[in-house]
Amino acid sequence: MNITLDSLKTNYDVYEAMCPYCGIESGLCTASISLFNTSKDRRANYCHNEDYDNCPIFLAKILRKEMR
């Protein structure tokens, strides 16, 4: 496998746009209290793009963090 600077930059850009609470390998949502397994649809709609701040689970995590 050839790793080029362009492929590293692309992978980094995708990772930077993802939800910081997304369990990439496991599929677990670490923003939830119960660490539930997220569906592929949820990951595609919320976790793996820049729209993760619209996710109700992410918003609840942020609100819980602010209430402390």
Side-chain angles (χ1 to χ4, degrees):
M1 177 178 174
N2 294 335
I3 298 175
T4 64
L5 186 58
D6 290 333
S7 68
L8 286 175
K9 184 178 181 338
T10 302
N11 290 339
Y12 180 76
D13 290 344
V14 169
Y15 180 74
E16 282 294 308
M18 290 176 54
C19 177
Y21 299 106
C22 177
I24 297 170
E25 299 282 328
S26 63
L28 295 177
C29 177
T30 59
S32 72
I33 294 173
S34 62
L35 296 175
F36 71 90
N37 193 355
T38 55
S39 67
K40 287 184 180 183
D41 292 337
R42 175 174 283 284
R43 285 189 299 248
N45 291 335
Y46 292 118
C47 305
H48 293 172
N49 60 42
E50 295 173 343
D51 292 333
Y52 66 85
D53 57 348
N54 290 329
C55 175
I57 301 164
F58 176 80
L59 293 173
K61 172 75 171 190
I62 298 302
L63 288 173
R64 285 192 309 269
K65 192 186 261 187
E66 292 295 321
M67 297 302 285
R68 291 183 187 172

Heavy-atom side-chain proximity of P56 to Y46 below 4.5 angstrom: yes
So, for D53 and L59, which heavy atoms are closest and what is the spacing to 0.1 Å? O-CD2, 3.2 Å
Set of residues satisfying ring-ring contact (aromatic ring centres under 6.0 Å, His included) with respect to Y52, sequence neighbours excluded: F58
Taking all heavy atoms of N49 and all of D51, pick out the closest pair and write down the distance. OD1-N, 2.8 Å
Enter the distance from L63:CG to K65:NZ here, rounded to the nearest 0.5 Å. 11.5 Å
Tell me which donor-acceptor pairs under 3.5 Å the side chains of residues 29-36 have, and how far apart each pair is, sequence neighbours excluded?
| residue | atom | partner | partner atom | Å |
| --- | --- | --- | --- | --- |
| T30 | OG1 | Y21 | O | 2.7 |
| S32 | OG | C29 | O | 3.0 |
| S32 | OG | L35 | N | 2.9 |
| S32 | OG | F36 | N | 3.3 |

